[in-house]
Amino acid sequence: MLKSYAGSCHCGAVRFEADIDLAQPTYRCNCSICRRNRFWPAIVTPDRFRLLAGGDQLVEYRFNAMRHSHHFCRTCGVRPFGIGNDVPGGERIYGINLGCLDATPEELAAAPVTCIDGAHDRWQSAPALTSYL
């Protein structure tokens with residue numbers, strides 16, 4: 001069931017809302033950036049994401065194929081979301097960092113996790129080891 005969640009970076013400069021169904025898969029990825037900053041996203045379409053404040057506080061980072069944009073707060077360094085600009089099916093998607101949501105521990109603990117092998121561009125497969133993600 002879709003629920004509207006408020007979210008923010010650590011310092012509160014970047015604030016957003018997102019309509020998320022936490023009964024749907026969330027993701028843990030082993031690619032270099034997700035592994036390093038422990039990014040745990042739920043995926044939403046653009047119509048389910050609203051940036052409320054702090055757009056001017058976001059720093060964008062792109063690497064490798066430069067397809068996806070990773071957004072960080074310039075003050076506290078937290079990554080509240082990323083944008084997939086070139087994904088299967090061609091649709092733009094937002095990866096909302098669940099650690100930035102005003103969700104209860106119970107809601108987060110119940111969210112199903114799918115591990116993906118982004119380190120080898122095998123987005124439909126799980127890596128051999130997942131416990132560290």
Side-chain angles (χ1 to χ4, degrees):
M1 182 170 81
L2 278 180
K3 180 177 174 180
S4 184
Y5 290 93
S8 69
C9 63
H10 189 257
C11 71
V14 178
R15 292 183 298 109
F16 63 91
E17 288 179 342
D19 303 326
I20 302 172
D21 181 353
L22 287 178
Q24 296 300 309
T26 63
Y27 297 91
R28 296 282 192 172
C29 177
N30 68 344
C31 78
S32 60
I33 195 165
C34 290
R35 189 179 72 239
R36 282 175 173 79
N37 65 29
R38 308 284 293 167
F39 190 60
W40 178 23
I43 305 302
V44 301
T45 55
D47 61 317
R48 293 186 177 157
F49 175 80
R50 297 167 296 285
L51 183 61
L52 303 176
D56 60 336
Q57 296 301 306
L58 289 169
V59 176
E60 179 186 30
Y61 175 67
R62 291 180 184 235
F63 69 99
N64 197 9
M66 310 296 278
R67 295 180 300 195
H68 308 300
S69 53
H70 310 273
H71 297 268
F72 299 84
C73 173
R74 73 175 63 248
T75 301
C76 66
V78 168
R79 179 182 173 196
F81 63 91
I83 302 173
N85 295 301
D86 183 17
V87 297
E91 293 183 36
R92 182 180 215 192
I93 58 170
Y94 283 74
I96 308 302
N97 188 350
L98 296 185
C100 292
L101 294 182
D102 292 338
T104 67
E106 293 79 12
E107 288 174 305
L108 295 175
V113 176
T114 298
C115 293
I116 56 176
D117 190 3
H120 301 101
D121 290 327
R122 293 190 295 246
W123 304 101
Q124 305 305 319
S125 302
L129 295 173
T130 60
S131 59
Y132 70 100
L133 298 175

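We count residues from 1, following the sequence as given. Below, all heavy atoms of this structure are taken into account, side chains as well, without hydrogens, waters or symmetry copies.
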Student: Is Arg35 reaching over with its side chain to a backbone N or O of Asn30, donor-acceptor style, under 3.5 angstrom?
Tutor: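 Checking the backbone N and O of Asn30 against the side chain of Arg35, a donor-acceptor pair under 3.5 Å is found.
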Student: Can you tell me how far the SG atom of Cys9 sits from the CZ atom of Arg15, to the nearest 0.5 Å?
Tutor: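 Here the interatomic distance stands at 10.0 Å.
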Student: Cluster question for you: counting only ILVMFWY and a side-chain heavy-atom cut-off of under 4.5 Å, with indirect links fine, are Phe81 and Leu98 together?
Tutor: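 Cluster IDs for Phe81 and Leu98 match.
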Student: Between atom NZ of Lys3 and atom CG of Leu22, what is the distance when rounded to the nearest 0.5 Å?
Tutor: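 Here the interatomic distance stands at 8.0 Å.
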Student: CZ of Phe16 to CG of Leu51: how many Å apart, nearest 0.5 Å?
Tutor: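 These two atoms lie 9.0 Å from each other.
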Student: Any link between Tyr94 and Val14 through a network of hydrophobic side chains (Ile, Leu, Val, Met, Phe, Trp, Tyr) touching at under 4.5 Å?
Tutor: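 Yes.
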Student: Could you grab the distance from atom CD of Gln24 to atom OG1 of Thr114, nearest 0.5 Å is fine?
Tutor: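 One finds 10.0 Å between CD of Gln24 and OG1 of Thr114.
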Student: Return the minimal non-hydrogen interatomic distance between Val78 and Pro80, and the atom names on each side.
Tutor: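 Smallest heavy-atom distance, with atoms named: O-CD, 3.0 Å.
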Student: Heavy atoms, side chains only, cut-off 4.5 Å: are Ile20 and Thr26 in contact?
Tutor: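 No, every pair of side-chain atoms sits at 4.5 Å or beyond.
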Student: When rounded to the nearest 0.5 angstrom, what distance separates CZ in Arg92 from CZ in Phe49?
Tutor: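 If we round to the nearest 0.5 Å, Arg92:CZ and Phe49:CZ are 10.0 Å apart.
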Student: In terms of hydrophobic clustering (I, L, V, M, F, W, Y; side-chain heavy atoms under 4.5 Å; direct or indirect links), are Phe39 and Ile116 co-clustered?
Tutor: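 No, Phe39 and Ile116 fall in different hydrophobic clusters.
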Student: Mark yes or no for whether Asp19, through its side chain, and Leu2, through its backbone, hold a donor-acceptor pair below 3.5 Å.
Tutor: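 Not confirmed, Asp19 side chain does not pair with Leu2 backbone.
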Student: Could you state the interatomic distance from CG (Asp21) to CZ (Arg48), rounded to the nearest 0.5 Å?
Tutor: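 Output value for this atom pair is 8.5 Å.
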Student: Quick check against the 3.5 Å criterion: does Asp117 have a side-chain atom that pairs as donor or acceptor with the backbone of Ser125?
Tutor: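 Judged by distance alone, no pair lies under 3.5 Å.
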Student: Can you find a heavy atom in the side chain of His70 that is under 4.5 Å from one in the side chain of Cys34?
Tutor: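 A side-chain contact under 4.5 Å is absent here.
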Student: Report, one line per pair, each donor and acceptor closer than 3.5 Å where one atom sits in a side chain of residues 53-60; sequence neighbours left out.
Tutor:
unit_1 : atom_1 : unit_2 : atom_2 : d
Glu60  : OE2    : Arg62  : NE     : 2.8
Glu60  : OE2    : Arg62  : NH2    : 3.1

Student: I'd like to know if Trp40 and Leu101 are part of one continuous hydrophobic network [Ile/Leu/Val/Met/Phe/Trp/Tyr, side-chain heavy atoms within less than 4.5 Å].
Tutor: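 Yes, same cluster.
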Student: Which heavy atom of Cys11 sits nearest to which heavy atom of Cys76, and what is that distance?
Tutor: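 So the minimum-distance heavy-atom pair works out to N-SG, 3.6 Å.
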Student: Check the orientation of Tyr61 and Phe72. Use parallel for under 30°, tilted for 30 to 60°, and perpendicular for over 60°.
Tutor: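 Correct class here is perpendicular.
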Student: Considering residues at least two apart in sequence or located in another chain, which fulfil the ring pair (Phe, Tyr, Trp, His ring centres under 6.0 Å) criterion with Tyr5?
Tutor: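 With neighbours one apart ignored, the set is empty.
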